[in-house]
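Throughout, protein chains are lettered first and strands after them, A, B, ... in sequence-line order, and every chain is numbered starting at 1. Below, each value reflects all heavy atoms present in this structure, side chains not excepted, and no hydrogens, waters or symmetry copies. Not measured: the values here are computed from a predicted model.
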2 protein chains.
Amino acid sequence: MSSLPAASHSTILEVARDAGVSKTSVSRYLGGERHRLSPAMQARIAAAIQRLGYRPNQMARGLKGGRSKLIGMLVADIRNPFSVTVLHSVEQACRARGFSLLVCNTDNDPDQERNHLALLASYRVEGVVINAAGRPSAELKALAEQGTPIVLLDRSLSDVDADVVGLDNAGAIDMAMDHLLERGYRNVLYVSEPPEGASSRQRRLERFRQRLAQAPELTGETACLAMQRDSDALRQALHGFVSRESPAPRAILCANGNVTLQVAHALNALGVSLGETGLLGIDELDWCALAGPGITTLAQPTEAIGQAAVESLMQRLAPPGRQAPPRRTEYAARLIARGSTHR
Amino acid sequence: MSSLPAASHSTILEVARDAGVSKTSVSRYLGGERHRLSPAMQARIAAAIQRLGYRPNQMARGLKGGRSKLIGMLVADIRNPFSVTVLHSVEQACRARGFSLLVCNTDNDPDQERNHLALLASYRVEGVVINAAGRPSAELKALAEQGTPIVLLDRSLSDVDADVVGLDNAGAIDMAMDHLLERGYRNVLYVSEPPEGASSRQRRLERFRQRLAQAPELTGETACLAMQRDSDALRQALHGFVSRESPAPRAILCANGNVTLQVAHALNALGVSLGETGLLGIDELDWCALAGPGITTLAQPTEAIGQAAVESLMQRLAPPGRQAPPRRTEYAARLIARGSTHR
DNA sequence: TTGTATGCGTTATCAC
DNA sequence: GTGATAACGCATACAA
C-alpha cells in the first residue's frame, strides 16, 4: 500500500491523466468551480490529487493570470518590537485574504530598500506595505507607476501617491506633554533618533517644539542621536540634563521604543532614579513594567495599524471604478502610566 | 525626454523588439552570459532595459528553470525576540546568496504550520528553515520526499531526515546549574512552557532532572505552564516556591526568554527581591540589565545559528554527489552574569 | 458538464 | 555570436 516517493513535483497534467480527465477539469476543480463538475469526476480528481501528492504551482498560476497572491512588506528594522507586532498583524490580515507575505528587512538602509523593492517587483507582488527607510527611490516610483498599490507604514514619503497608515504623532506628543505637565514636570528633554528620512520622527520632534513654544511654564531641549552607534554621546547628554542645576522637575521624553531602551540603560548606568526624574516613552514594550518603578509609555495600536494597512491595499487591489485619492489613517496612542512619571 | 509611464510590466520580448534583437539574446544578457554577446548588442539591450524599466519576472523564471530563488522559513512565534534575531540572520544569509525569504509565522499552531508548509511548497521554495510548532506533518514529509532540503531550527522532529541547528541544550542547562551552584543556590525551581512539541524544551527539562538526580546537595522542582494563558497559575507556583520554608537558598531557572519575562513580571508583583531569590534565564533579552539588579542570562548565538541553518540548506541544494546524512549542529550558550544571581 | 487550444514570460535546445 | 522554437504548469476563451 505504500506509494512511491514522488521524485519531483507532479503537475496538473499528470493528475488529469491519472484521473482520466482533462487538464481543464482539474484546473476547475482547483479553482473553486467544483460545482460545475459531476460528483463522480470530483471524486476521481480528488483521489488522483491525493495519490500523487499534487500541489498547484503558484508560480505558474501567477504567470497566466498575473495574480501572484503575494504581498510584499518592507520593514525598516525587523528587530524593532513595534515593527514586529505590525508585521505580525499584517501577515495575519494577508493570510485571511488569501495572500502570502514576502517580508524584507532593510536595516534602515536605503540601498537595501531599493534592492528589496526591485526584488518584490520581480516576484510580481500585488501590493506593497512599506515602512520606509529612505527617500522615494526610482524603484518605488516604478512600482507605483505600474499600478502596484502601495501603503506607507508609520513613515510617509513625499512625492509618492500612497495611503499612509500610522500613529497620530502630534496627538501622541500632546498626550505625552499633557501627562508630564499634569505630573508636575516642567523641564523636558526630548530624545530622538535622527529624524532625517523618517517622517514620523520629524513630526514628533516638530510637535514637541511647538508645545515648548506654546507653554511658557515649560522649558525643554532636544537631543537627536544615533542610539546604537554612540551610546557615549547619549550618556553625556543625559548626564548633562540630569546634573544641571534646575528648580523645575525634570523629565525625559523618548521618541520611540528603541530610544526608551537606550535611555533606560544610560540612566541605569548613571544611577538616576526614575520618577524623581520623569521618563516617558512612545511605544509600549513588554518589559516596561519591570524597569525600576515601571516606565510610563504611549502604546501604539499596532494591530489596528497592520490591519488598516492591508485593508488599504485590498481596496486598491480591486479597481471597480476610479481610485480614491491617497488617504491618511492616523491612530491615537494610549497612555500607560507607571512609576517613572510619578514624583 | 519624458517616457510614458509603463502601463504594466514590460517583458523580455518588448525589450528584444525595442533593441532590435531576439529574445534569446536578451535572456542571455540577463542570465549572466554577456561575454558571449557583442559589445554593441550589450549596449543596445542595456539601453532598452533602461528605457522600458524592465524587470525580469521571477515567476516565469522559476517556471522554466525550476529555480524560484526562494527559501521558506517557518517561525513558531514571530514575537519571540530569539526567533526574530535568528530570522534576521537567516534573511541576511539568504540574500547574500541570491535567495529571498518567504517568512511564515505559525503562532505555535500545528494547523497553521501545515497550511504554511503547503503554501511554501506551492511557491516551489528551494529550501525550508523550520522552527517547528507541531509534530511532523504529511505536508512536511511530502516536502522532504520531493527532495526539498529542510533545516530544523531549535526544535528537532522525529522521523524527519533533516539537519538540525540549535543550542546545545544540555550544555546550557549544565552551565546554568553550575553557575547557580557556584553562587550558593541549593534549591532550584525550573519553569518552562509545556515541553510537548518542542524538542528543545524537552531536552532542557530532561537535563535539569538529570542534574537534580546527580547532585545530592541540591533540591529542586519543575513547573510547566502555558505562560500567557494562565499567569495566575504561574504566580501561584512562584508564590508557593518562594514562601515555603527552606533553609537552602532558592533560585528560579527559566527555560526561555518568554518564561523569563513572565516570571519577572510575577516576581515583581509578588515583591520578591532578585538576587536573594536567584533568577537565571535562557535567552538574552535587551532589557535584562534593567530589571531590578539585572537578570543573569544564557545568551544563544543567534547569528551563528541562522547562518548555519542557511549554510546547511545551501550544501544540500547543490547535490554534486551523494547527500551526506543528516547533521546536527549545536552551539554553546554564553553566560551573562548579573545581579539576579548575586546573593 | 466536459474538453481543446492558446498564451503567460522565461530559459534551454537546437540550428545558422 | 545570434536567433527561431519548444517547453515549463497553469488558466481561460471557446467549442462541443
Next item on the list: Would you check if the side chain of A/N57 reaches a backbone N or O of A/M59 as a donor-acceptor pair within less than 3.5 Å?
Entry: yes

Notebook entry, point to check: Going by heavy atoms closer than 4.0 Å, what residues in residues 17-37 of chain A are next to DNA chain D?
Noted result: A/K23, A/T24, A/S27, A/R28

Next item on the list: Decide yes or no on side-chain contact (heavy atoms from CB on, under 4.5 Å) for A/L143 and A/E139, but give the supporting numbers first.
Entry: CA-CA 6 Å; A/L143 220 49; A/E139 282 74 10; over 6 Å; no

Checklist line | Phosphate OP1/OP2 of C/dT10 contacted by B/Y54 side-chain N/O (<4.0 Å) | finding: yes

Check: Distance-only, no hydrogens or angles: does the A/R79 side chain make a donor-acceptor pair with backbone N or O of A/V84 under 3.5 Å?
Finding: no

Next item on the list: Could you check how far CZ of A/R67 sits from P of C/dG9, rounded to whole Å?
Entry: 16 Å

Quick one: side chains of residues 91-101 of chain A, donor-acceptor pairs under 3.5 Å with protein atoms, not counting sequence neighbours, listed by atom name and distance.
| residue | atom | partner | partner atom | Å |
| --- | --- | --- | --- | --- |
| A/E91 | OE2 | B/N105 | N | 3.4 |
| A/R95 | NH1 | B/Q112 | OE1 | 3.4 |
| A/R95 | NH2 | B/Q112 | OE1 | 3.1 |
| A/R97 | NH1 | A/A93 | O | 3.2 |
| A/R97 | NH2 | A/E311 | OE1 | 2.5 |

Next item on the list: Take the C1' atoms of the five end pairs on each side of the helix from C/dT1-D/dA16 to C/dC16-D/dG1, derive the two axes, and give their angle rounded to 10 degrees.
Entry: 40°

Check: Whole-Å distance between C/dG9 P and A/N57 CG?
Finding: 16 Å

Check: How close or far is atom P of C/dA12 from atom CD1 of B/I12, stated in whole angstroms?
Finding: 11 Å

Checklist line | By side chain to side chain contact (heavy atoms under 4.5 Å, CB included) - contacts of A/T302 (at least two apart) | finding: A/F82, A/T85, A/V86, A/Q300

Checklist line | Whole-Å distance separating the CG atom of A/L13 from the P atom of C/dT4 | finding: 12 Å

Check: First and last nucleotide of DNA chain D touching chain A, 5' to 3', heavy-atom cut-off 4.0 Å?
Finding: D/dG9 to D/dC14

Notebook entry, point to check: Looking at OG of B/S25 and CG of B/L30, how far apart are the two atoms once the value is rounded to the nearest 0.5 Å?
Noted result: 11.0 Å

Checklist line | Euclidean distance, atom CE of residue A/M59 to atom C1' of C/dG9 [Å, nearest integer] | finding: 13 Å

Next item on the list: May I ask you to say what A/M41 touches in the nucleic acid, namely base, sugar-phosphate or nothing, with a heavy-atom cut-off under 4.0 Å?
Entry: sugar-phosphate

Next item on the list: Could you please spell out the steps behind the side-chain contact (heavy atoms from CB on, under 4.5 Å) verdict for B/I305 and B/S89?
Entry: CA-CA 8 Å; B/I305 290 176; B/S89 109; over 6 Å; no

Margin query: As a quick check of understanding, evaluate side chain to side chain donor-acceptor pair (under 3.5 Å) for A/S200 and A/D154, giving each step before the final call.
Written below: CA-CA 6 Å; A/S200 54; A/D154 185 64; 3.0 Å; yes

Notebook entry, point to check: Checking B/E145 side chain against B/A142 main chain: does a donor-acceptor pair fall under 3.5 Å?
Noted result: no

Next item on the list: Figure out the NE2/C1' separation between B/H9 and C/dT10, and round it to whole Å.
Entry: 15 Å

Notebook entry, point to check: For the side chain of A/E14 and the backbone of A/T11, is there at least one donor-acceptor N/O pair under 3.5 Å apart?
Noted result: yes

Would you give me the side-chain donor-acceptor pairs under 3.5 Å for residues 32-40 of chain A, sequence neighbours excluded?
| residue | atom | partner | partner atom | Å |
| --- | --- | --- | --- | --- |
| A/R34 | NE | A/Y29 | O | 3.1 |
| A/S38 | OG | A/M41 | N | 3.3 |

